[in-house]
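These values consider heavy atoms only, across backbone and side chains, with no hydrogens, waters or symmetry-generated copies. Proteins come first, then strands; the chains are lettered A, B, ... in the order of their sequence lines, and each starts at number 1.
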2 protein chains.
Amino acid sequence: MEAARKVFTHKGYAATRTRDIAEEAGINLALLNYYFRSKKKLFDLVMEEKIHTFFGGIFPILDNPNTSVEEKIETLTAFYIDMISQNTDLPIFVLNEIRSRPAEFGNIGKVRELIFKTHFMQQLKEKRPDVEPIQFLLSILGMIIFPFIALPVIENSGVLDKEKYREALMKRKELVPQWASAMLNET
Amino acid sequence: MEAARKVFTHKGYAATRTRDIAEEAGINLALLNYYFRSKKKLFDLVMEEKIHTFFGGIFPILDNPNTSVEEKIETLTAFYIDMISQNTDLPIFVLNEIRSRPAEFGNIGKVRELIFKTHFMQQLKEKRPDVEPIQFLLSILGMIIFPFIALPVIENSGVLDKEKYREALMKRKELVPQWASAMLNET
DNA sequence: GTCTATAGAGGGATAGAC
DNA sequence: GTCTATCCCTCTATAGAC
């Protein structure tokens with residue numbers, strides 16, 4: 001499983017060969033099929049896990065009735081940046097595979113509730129009735145997630161080395177909430 | 001070529017079969033190879049084009065010495081949202097393929113200059129010497145581009161239909177520059 | 001459970017007729 | 001230039017020995 005996670009998330013479903021996974025795991029190709037029956041079945045296991053990891057954390061943070069908007073944003077930002085730092089391929093992998101087979105993976109249970117029913121979205125609506133809450137959500141998530149999606153470009157351009165970029169990303173745990181506040185209070 | 005653009009950008013290199021392209025083009029598989037020699041060569045042509053489209057527009061806008069920071073952001077936002085609306089697969093396609101073969105495609109000529117030498121980055125540094133300019137750039141690009149990357153998830157969750165989401169994206173041509181100003185003036 | 005060997009399908013590429 | 005037919009390699013999956 002660990003080998004499958006690594007290879008699938010890095011190369012994507014179509015470009016992954018089961019041989020690569022077997023090799024990475026230090027076992028035989030036949031054995032891999034003995035355990036998981038097929039490439040597709042193994043992938044589905046990985047994908048389910050990754051979707052859960054990627055989307056699962058948002059809901060409880062944004063639906064906490066005991067925190068302010070600002071606290072929610074701060075918690076969300078720190079949580080996401082820490083999580084994705086563990087595996088920088090996660091966002092682009094998940095979002096790209098969903099795009100490839102939306103009918104199969106696009107049905108993320110909680111997204112609907114996230115956007116319609118969350119305490120956070122209610123708070124946004126009260127604070128800024130003039131702007132659709134989803135516009136704020138998209139911007140905040142964009143500020144958090146996009147830098148990881150752009151990471152291959154930045155790294156390869158030689159602008160910042162991996163360590164410098166890592167520092168910059170950590171710094172964003174402060175910056176994004178500050179900016180989000182400025183956006184919310186903007187007139 | 002038009003068929004190749006369509007199929008490659010939608011399915012990605014690995015998942016694309018040359019047969020699909022031939023069919024989409026209404027021609028024979030043999031003929032496709034006659035024209036382009038190989039799948040890889042054809043893909044390289046498409047990829048070069050798409051990288052140019054995706055990155056090519058930024059530099060002139062951000063390096064214009066005659067516009068203010070705010071004007072640059074406004075122009076950039078409108079330009080990008082209009083461009084990507086033409087082909088919503090563009091960002092995730094380009095960024096994912098670069099991730100797949102960074103050695104081959106990751107060397108985007110102007111990214112380095114974009115980040116170090118642009119007039120825009122100078123202006124940011126003067127206006128906000130306390131924050132690294134790249135942090136602003138990443139946030140602005142994230143606010144512009146991320147909604148398109150998340151589009152398959154939104155669409156499939158049934159939250160907004162395609163038309164509603166399109167409206168929301170257009171509305172962002174005003175919102176993003178407003179928010180960016182708020183971020184720049186935040187204390 | 002774990003291996004070697006191989007079946008079987010899919011897909012990129014070419015031969016060769018027209 | 002354009003087609004049909006086909007080659008041949010790669011990759012998934014399984015048979016079968018141990």
Between dT4(C) and Asn28(A), is there an OP1 or OP2 to side-chain N/O distance shorter than 4.0 Å?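 For Asn28(A), the contact criterion (side-chain N or O under 4.0 Å from OP1 or OP2 of dT4(C)) is met.
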dG12(C) OP1/OP2 closer than 4.0 Å to side-chain N/O of Thr18(B):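 Result: yes.
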Basic-acidic side-chain contact under 4.0 Å: Glu186(B), Arg128(B):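 Answer for the salt bridge query: yes.
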So does Lys173(B) pair up with Asp82(B), basic N to acidic O under 4.0 Å?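 Yes.
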Quick check for you: among [options], whose closest atom lies nearest to any side-chain atom of [X]?
X        : options                  : result
Leu29(A) : dA13(D), dA13(C), dT2(D) : dA13(D)
Ala30(B) : dC3(C), dA15(C), dC11(D) : dA15(C)
Tyr34(A) : dT2(C), dG12(C), dG1(D)  : dT2(C)
Ile27(B) : dA13(C), dC3(D), dG12(C) : dC3(D)

Please check if the side chain of Glu97(B) supplies one atom and the backbone of Met47(B) the other of a donor-acceptor pair under 3.5 Å.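 No; zero donor-acceptor contacts below 3.5 Å.
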Applying a 4.0 Å non-hydrogen cut-off, can you work out what Arg19(B) is touching in the nucleic acid: base, sugar-phosphate, or nothing?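 Counting heavy atoms under 4.0 Å across all strands, the contact made by Arg19(B) includes a base.
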Using atom [atom1] of [X] as one end and atom [atom2] of [N] as the other, report the distance to the nearest whole Å.
X        : N       : atom1 : atom2 : answer
Leu32(A) : dT4(C)  : CG    : P     : 15 Å
Leu31(A) : dG16(D) : CG    : C1'   : 15 Å
Phe43(A) : dA13(D) : CZ    : P     : 14 Å
Asn33(B) : dA13(C) : CG    : P     : 6 Å
Lys39(B) : dG10(C) : NZ    : C1'   : 12 Å

Comparing Tyr35(B) and Arg37(A) on DNA chain D - which has the more 5′ nearest nucleotide: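 On the 5' side of the pair lies Tyr35(B).
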Does the ring centre of Phe43(B) sit less than 6.0 Å away from the ring centre of Phe36(B)?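 When the ring centroids of Phe36(B) and Phe43(B) are compared, they turn out to be at least 6.0 Å apart.
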